[in-house]
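Single-structure report; data block below.
Heavy atoms only: backbone and side chains are in, while hydrogens, waters and symmetry mates are out. If you're wondering where the values come from, they're calculated on a predicted model, not measured in any experiment.
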Amino acid sequence: MQHFDMVVIGSGPSGRRAAVQAAKLGKRVLVVDRGSRVGGVSVHTGTIPSKTLRETVLNLSGWRERGFYGRGYRVKEEIGIDDLIRRLHKTLDHEVEVLQHQFMRNAIKHIRASARFLSTEALQLTAEHGEVTEIGFDHALIAVGTRPHRPHHVPFDRDHVFDSDEILELSRLPRTLTVIGGGVIGVEYATIFSALDVPVTLVEPRQNILDFVDHEIIDDFIHQMRDRGMQLRLGASVSEIAKVDDGTRVTLSDGRIVHSEMVLYAAGRAGNVTGLGLDAVGIEPDSRGRIKVDPESFQTTAENIYAAGDVIGFPSLASTSMEQGRVAACHAFGAPVPKPPESFPYGIYAVPEISTVGKSEEQVRSSGTPYEVGVARFRETSRGHIMGVDAGFLKLVFDRQTRRLLGAHIIGEGATELIHIGQAVINLGGTVDFFVENTFNYPTLAEAYKIAGLDAWNRMGAEDAQTLAPAAG
């Protein structure tokens with residue numbers, strides 16, 4: 001029986017990062033994945049496909065240029081499903097090639113098989129054609145990701161009713177679309193299809209969407225969605241989804257009915273733990289298949305078995321999953337692990353983008369900390385005007401007493417790139433004076449940091465500041 005220092009089950013962001021880290025430490029590593037190609041959910045049905053689809057839609061629809069040329073402007077007049085899929089497949093092929101090469105140069109072995117724990121020291125592997133082998137291991141990492149939640153009462157058929165994995169297999173673009181679920185996935189797909197000028201209705205049983213984001217950002221986001229014709233049905237759950245002659249009929253708990261050609265059901269995901277044999281190692285997932293871990297080491301209740309990525313639940317981001325996998329591998333082999341940073345960014349690749357790091361205004365207010373806010377609207381920057389940006393803004397939240405930046409929140413073009421300036425300042429303990437005293441390239445959207453800093457500084461005054469800021473022009 002072959003024996004490995006670490007076996008990684010799953011080749012998504014957390015799995016591949018853990019495998020590479022263990023290999024860098026000189027360990028013998030095996031990656032087991034039942035998918036036809038390496039990469040996991042992130043590469044094949046999640047992060048990379050949805051972001052590629054978004055970029056393709058924005059380019060072909062001419063969305064970014066409509067501030068200049070009007071809402072009827074398009075780069076390609078007739079956009080079909082083939083236009084979207086062509087770029088998607090090219091991107092996925094590249095991602096798989098990069099990952100395979102990464103495994104090769106780090107001497108990481110990879111096998112296509114389903115894994116099942118026999119004990120805390122052995123796994124049973126079942127290959128695609130039914131061949132069964134057993135392997136031994138010192139440490140294991142469960143990085144199996146998640147799958148869409150599929151309630152029995154939803155009539156999924158891959159023709160009119162889809163989950164968030166199946167939506168990438170569309171044979172045609174919908175004439176109209178209902179998206180059920182106002183979480184990150186639902187919001188991203190709803191706004192992507194809306195950018196294609198598909199009439200979209202978004203249904204969410206809660207009174208608001210994306211509750212973890214600063215409320216002022218979400219208020220602006222909802223305004224932008226409604227302004228371009230999207231319908232929002234908040235505060236009502238779905239009573240029934242039925243297929244009818246002209247498509248689908250969604251009946252809501254408040255009596256309203258939504259007709260559309262297609263439905264995307266994107267209300268929750270569940271861990272891919274079925275068949276893993278977790279009972280053999282004393283690991284008990286919750287009702288949604290999520291595995292509880294130590295938040296610092298990512299150890300499960302079995303000390304030599306770790307779990308990371310979406311299968312352990314919030315925040316379920318590719319970026320945080322990568323770091324979780326790395327930390328787990330370091331802990332398993334006694335390598336030093338730095339203390340995690342104070343804040344990490346969230347990116348929501350909707351149209352428009354949303355990104356946030358640190359505390360929201362609501363969190364700061366509830367803590368009782370005296371604070372001040374600075375805002376810069378992209379349309380008021382020269383770069384924003386050059387780009388035709390007519391919406392979006394940057395919001396900074398500062399502690400009035402220490403002057404430190406507590407949170408940065410952005411909605412608009414380039415938000416997921418711009419957020420890293422705020423991330424660095426927060427984690428390095430920077431203050432409002434950093435933005436006032438430093439020079440930013442002009443014209444850039446990043447200049448919004450200086451504008452927002454001055455906006456807050458003018459209200460905070462110069463008390464306790466080390467230097468006086470120049471007057472804003």
Side-chain angles (χ1 to χ4, degrees), residues 45 49-67 69-88 148 154-204 209-210 221-234 238 241-250 252 256-267 348-354 391:
T45 60
S50 62
K51 281 54 178 178
T52 304
L53 179 64
R54 177 187 185 273
E55 196 64 25
T56 307
V57 166
L58 293 182
N59 287 339
L60 294 181
S61 68
W63 177 268
R64 293 186 174 100
E65 305 300 321
R66 291 182 183 181
Y69 303 119
R71 296 191 179 188
Y73 174 76
R74 278 198 174 202
V75 171
K76 192 175 190 296
E77 192 63 32
E78 295 293 333
I79 301 173
I81 195 67
D82 289 343
D83 296 311
L84 307 181
I85 298 302
R86 189 179 303 115
R87 181 167 178 170
L88 176 60
V154 178
F156 296 103
D157 64 358
R158 293 178 181 248
D159 185 40
H160 288 91
V161 183
F162 301 82
D163 65 29
S164 56
D165 287 355
E166 296 167 344
I167 199 70
L168 296 167
E169 302 170 4
L170 285 174
S171 60
R172 65 193 185 281
L173 291 178
R175 295 189 305 273
T176 53
L177 177 68
T178 299
V179 177
I180 299 171
V184 172
I185 296 173
V187 163
E188 287 182 348
Y189 277 117
T191 56
I192 288 170
F193 280 98
S194 175
L196 278 173
D197 299 312
V198 173
V200 175
T201 300
L202 179 63
V203 177
E204 169 55 50
I209 59 174
L210 306 175
F221 183 56
I222 289 174
H223 170 76
Q224 290 193 48
M225 288 194 291
R226 284 178 167 149
D227 184 59
R228 70 197 209 214
M230 288 182 62
Q231 300 295 313
L232 274 68
R233 300 288 182 262
L234 305 178
V238 174
I241 302 173
K243 289 179 281 188
V244 295
D245 291 341
D246 57 348
T248 65
R249 182 187 67 238
V250 177
L252 305 183
R256 289 182 290 181
I257 294 177
V258 181
H259 289 276
S260 62
E261 182 188 3
M262 296 182 188
V263 168
L264 167 59
Y265 189 89
I348 301 170
Y349 292 83
V351 183
E353 286 182 22
I354 296 172

- Query: Is there a side-chain contact between Phe221 and Val187 (heavy atoms, below 4.5 Å)?
  - Reply: yes
task: Return yes if some donor-acceptor pair links the side-chain N/O of Arg74 with the main-chain N/O of Leu196 below 3.5 Å, else return no.
output: yes
The reported gap from CG in Leu202 to OG1 in Thr178 (rounded to nearest 0.5 angstrom) is 9.5 Å
Thr191 and Arg228 have their tightest heavy-atom pair at O-NH2, 3.0 Å
For this session: Could you give me the CA-CA distance, side-chain angles and deciding distance for Tyr265 and Val238, then say whether side chain to side chain contact (heavy atoms under 4.5 Å, CB included) is met?
Result: CA-CA 11 Å; Tyr265 189 89; Val238 174; 5.8 Å; no
Scanning both residues in full, the closest heavy-atom pair of Val57 with Ala195 reads CG1-CB, 3.8 Å
Original post:
With a 4.5 Å limit on heavy-atom distance, are the side chains of Phe156 and Asp163 in contact?
Top reply: yes
Any salt bridge linking Glu353 with Arg64? Criterion: basic side-chain nitrogen under 4.0 Å from a carboxylate oxygen. no
Under a 4.5 Å cut-off applied to non-hydrogen side-chain atoms, are Glu188 and Lys51 in contact? yes
Determine, stepwise, if the pair Leu53 / Tyr189 fulfils side chain to side chain contact (heavy atoms under 4.5 Å, CB included).
-> CA-CA 9 Å; Leu53 179 64; Tyr189 277 117; 3.8 Å; yes
Note: Ile81 and Ser171 closest approach over all heavy atoms is CG2-O, 3.4 Å
Margin query: Between Glu166 (side chain only) and Arg158 (backbone N and O only), is there a donor and an acceptor less than 3.5 Å apart?
Written below: no
To the nearest 0.5 Å, atom OG of Ser50 lies from atom CD1 of Ile167 at 12.0 Å
When every non-hydrogen atom of Tyr73 is compared with those of Arg66, the smallest separation belongs to O-NE, 3.1 Å
dist Met225:CE -> Gln231:CD (nearest 0.5 Å) comes out at 11.5 Å
Please check: side-chain N/O of Arg54 versus main-chain N/O of Ile192, any donor-acceptor pairing under 3.5 Å? no
Distance col, row Leu173:CG vs Ile79:CD1, nearest 0.5 angstrom, shows 8.0 Å
* Test Thr248 against Ser260 for side chain to side chain contact (heavy atoms under 4.5 Å, CB included), laying out the working first. => CA-CA 5 Å; Thr248 65; Ser260 62; 3.2 Å; yes
In terms of heavy-atom contacts, Pro148 and Asp165 come closest through CD-OD2, 3.2 Å
Heavy atoms of Asp83 and Gly80 approach each other most closely as OD2-N, 2.8 Å
Distance col, row Leu170:CG vs Asp159:CG, nearest 0.5 angstrom, shows 9.5 Å
- Message: Can you confirm whether Met262 sits close enough to Val198 that some side-chain heavy atom of one is under 4.5 Å from a side-chain heavy atom of the other?
- Response: no
One should read off an interatomic distance between Arg249 CZ and Ile257 CD1, to the nearest 0.5 angstrom, of 6.0 Å
Would you say Asn59's side chain and Thr56's backbone share a donor-acceptor pair under 3.5 angstrom? no
Val154/Val263 under side chain to side chain contact (heavy atoms under 4.5 Å, CB included): CA gap, chis, key distance, verdict
CA-CA 10 Å; Val154 178; Val263 168; over 6 Å; no
Open item on the list: For Ala190, is there any backbone N or O sitting under 3.5 Å from a side-chain donor or acceptor partner on Ser194?
Closed with: no
Is it the case that atom CZ in Arg256 sees more than 12 heavy atoms from other parts of the structure closer than 6.0 Å? yes
Exercise for the section: Could you tell me whether a side-chain N or O of Glu261 sits under 3.5 Å from a main-chain N or O of Gly247, the two making a donor and an acceptor? Expected result: no
